[in-house]
Structure formats: structure tokens, C-alpha cells
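For the numbers below, each heavy atom of this structure counts, side chains included, while hydrogens, waters and symmetry mates do not. A note on names: the letters A, B, ... follow the listed sequences, proteins ahead of strands, and every chain is numbered from 1. Keep in mind the model is a prediction, meaning the values are calculated, not measured.
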Amino acid sequence: MDSNWILEQEKLKSKVICYDMYNWQHKRCISRVGGMDLSFIKGDESVACAALVVCELPDCEVVYEDITMVPLTISYVPGFLGFREAPAIVEAFSRLRDTNINLVPECILVDGNGILHPRGFGLASHVGVLCDVPTVGVAKNLYQMDGILRDDDQKHRISLLHEPGDHFALKTNSGNTLGLAVKTSAASTKPVYVSVGHKISLHTAAWLVCLCSKYRIPEPVRQADIRSREFIRKNSFSQK
DNA sequence: GCGACAG
DNA sequence: ATCTTGTCGC
């Protein structure tokens with residue numbers, strides 16, 4: 001079952017575009033940024049709450065939200081997160097396109113990695129290709145691979161990050177830059193790991209993440225996280 | 001065999 | 001991911 005997933009990732013990965021398809025950064029014309037996240041229930045592996053929110057710049061005011069309970073068919077397997085979480089987001093994005101095309105965001109921030117992934121195809125790229133929308137991967141923890149390690153050198157470079165916007169490249173042994181460790185808020189010690197999802201350059205991706213960050217986690221993703229958790233709590237799905 | 005392992 | 005409250009500090 002794993003080999004089929006690898007073939008599927010390789011097939012979809014060939015469609016990934018790692019450069020800007022629009023000139024938002026130069027013209028400063030981004031108006032809406034999406035964010036997605038899934039929350040789970042402690043003792044229930046069968047369902048999860050998926051959230052897709054749309055924030056409007058420059059203040060990241062939430063102008064749209066789609067919070068839904070979704071069935072889970074696949075368990076979490078490191079390296080294959082897309083197969084577990086992408087379907088719910090693809091459906092939510094499809095609903096948004098069908099019902100509120102005027103609120104469709106220019107880009108979606110995804111919690112998880114883009115091409116900063118063992119096979120270059122993380123959740124953010126998965127969502128980007130399936131929805132054919134620009135995406136950025138924003139991971140809270142580093143997925144170690146190819147010489148990109150949480151070693152002392154890594155810790156040292158993190159300690160050198162001071163101002164929001166400070167960052168350093170995450171390079172493989174062969175010298176390829178797969179992502180950036182970015183300090184997004186003055187208060188946080190931990191950086192966020194940004195990588196290209198689809199149809200955006202790494203530089204623009206980091207710029208956008210910083211543009212949307214009031215706290216460590218960029219607002220669109222943070223709001224999706226808050227709202228999906230709250231939905232589970234209010235509906236007492238936890239007492240199962 | 002042992003350790004690693006986004007969410 | 002989730003289990004979990006308050007608390008120390010800017």
C-alpha cells in the first residue's frame with residue numbers, strides 16, 4: 001500500500017511549480033490568504049474536524065470559514081500526511097469555489113510541509129496540486145532529512161534569529177535549499193519551517209508568511225486551528 | 001536490530 | 001495530533 005502512495009506522490013510531484021505564477025509580491029496586490037488545519041479527538045480515530053478559513057489583508061480579518069467533521073480512513077503515516085488530510089481540504093476548497101468565488105484566496109497556507117519532504121511532496125504541495133492553487137507549507141516542527149538536522153549547528157543558527165523576518169536556509173547535503181527556518185514573531189524562540197507548496201517561490205512564500213504573522217503561527221493557519229478545536233469542544237465530540 | 005518520524 | 005492549569009515575566 002506504501003508503494004502505491006509513493007507512485008502517486010511522484011506522479012503529482014511532477015506537476016508542482018516552484019516559482020511565482022503571479023506578481024503579488026512586487027505589486028503588493030494580495031488581498032486574501034487561506035489557512036487550513038485539522039483537529040482530532042483523543043480516543044476517536046474515525047473522524048476529525050477540518051477547517052478552511054480565508055483572511056483578508058492587511059489585518060487578516062477572517063472573512064470566510066468552513067468547519068466540517070470529516071471521516072478518517074487513513075491513519076497518520078509520516079511522509080504520507082497528504083493522503084490523510086488533503087481530501088477534506090480539497091472538498092472544502094471546492095465548496096468555496098462553488099459558493100463564494102469572490103472570496104477565493106490567492107494563496108493557502110497549509111500546516112505541514114511543501115517540498116521540504118523526503119520525496120519533495122508534502123501536504124502543502126499535495127493540496128496545491130489537487131486544488132490547482134498556490135500554497136505554502138508552514139510546519140511547526142522540522143522534518144529531518146538529507147542533511148537537514150536538528151543538531152547543534154541548527155540550534156545555534158536558531159539562536160541567531162532575532163527580529164521577525166530573520167531566517168536561514170534549510171539545505172540538503174547536495175546544496176539544494178528546500179525551505180527556510182523563519183522567525184515570525186518577536187516573542188517566539190522557535191522558528192516556523194516554510195517551504196514552497198505550489199505556484200509560489202520560496203522568497204515570496206516567506207514574505208507572505210511574515211505578512212500574515214501576529215504570533216508565531218501565521219494568522220490564517222492559527223485561526224483554522226482555533227476554530228476546528230473549538231468546534232470539537234463545543235459539540236462534545238470528545239466524550240466518545 | 002535501532003532510531004526517526006510534518007500532523 | 002492529543003493528554004493539561006497555572007504561572008512567571010515582558
Side-chain angles (χ1 to χ4, degrees), chain A residues 2 5-6 9 12-13 16 35-52 67 69-90 92 108-128 135-151 154 162-164 170 172-173 178-182 184-198 205 209 214-218 220-222 224-233 235-240:
Chain A
D2 248 31
W5 279 351
I6 290 177
Q9 288 183 326
L12 294 174
K13 172 182 155 62
V16 172
M36 60 133 285
D37 187 44
L38 265 69
S39 288
F40 304 84
I41 301 170
K42 53 180 180 182
D44 191 345
E45 275 291 292
S46 68
V47 294
C49 180
L52 170 64
I67 316 293
M69 291 307 294
V70 296
L72 289 174
T73 54
I74 297 161
S75 56
Y76 171 62
V77 181
F80 300 94
L81 185 61
F83 295 98
R84 175 171 164 90
E85 301 197 358
I89 302 309
V90 172
I108 298 178
L109 268 33
V110 175
D111 81 306
N113 293 306
I115 65 169
L116 176 57
H117 176 277
R119 286 171 299 285
F121 194 73
L123 175 62
S125 298
H126 207 129
V127 169
T135 55
V136 172
V138 183
K140 296 183 284 294
N141 295 96
L142 180 64
Y143 194 169
Q144 300 189 104
M145 46 167 289
D146 266 338
I148 296 175
L149 309 167
R150 295 192 293 242
D151 52 16
Q154 177 84 200
H162 294 309
E163 304 300 319
L170 300 167
T172 61
N173 283 319
L178 297 187
L180 300 175
V182 183
T184 51
S185 81
S188 68
T189 303
K190 269 184 96 173
V192 123
Y193 301 93
V194 177
S195 59
V196 169
H198 188 45
V209 165
K214 297 177 181 172
Y215 306 103
R216 184 170 86 107
I217 305 303
V221 174
R222 183 169 163 273
D225 177 49
I226 291 174
R227 290 159 196 245
S228 57
R229 289 230 269 254
E230 185 68 357
F231 189 87
I232 285 179
R233 191 188 66 71
N235 296 29
S236 300
F237 279 111
S238 18
Q239 62 181 305
K240 184 168 184 179

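- None of A:L38, A:T135, A:V110 except one satisfies the side chain to side chain contact (heavy atoms under 4.5 Å, CB included) rule with A:I89; the exception is A:L38.
- The aromatic rings of A:H126 and A:F121 are tilted relative to each other, their planes meeting at an angle between 30° and 60°.
- Of all the heavy atoms in A:G82 and A:P87, the pair that sits closest is O-CD, 3.5 Å.
- At whole-Å resolution of the value, CD1 in A:I232 and C1' in C:dC3 are 14 Å apart.
- Stem analysis of DNA chain B (Watson-Crick or G-U pairs, both distances under 3.5 Å, runs of at least three) returns none.
- A:S195 contributes no side-chain N or O that, together with a main-chain N or O of A:G179, makes up a donor-acceptor pair within less than 3.5 Å.
- Considering every non-hydrogen atom in both A:G197 and A:S125, the closest pair reads O-OG, 2.9 Å.
- With respect to the salt-bridge test (charged N to carboxylate O, under 4.0 angstrom), the residues A:R227 and A:E230 do not qualify.
- Rounded to whole angstrom, the span from the CZ atom of A:R229 across to the P atom of C:dT4 amounts to 14 Å.
- Looking only at side-chain heavy atoms (C-beta outward), A:L170 and A:L180 stay at 4.5 Å or farther from each other.
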| task | Heavy atoms under 4.0 Å is the rule here; annotate nucleotides 1-7 of chain B 5' to 3' with B where the base is hit, S where only the sugar-phosphate is, and - elsewhere. | result | ---SBBB

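- A:F80 carries A:R119 over the face of its six-membered ring, with the cationic atom under 6.0 Å from the centre and within 45° of the normal.
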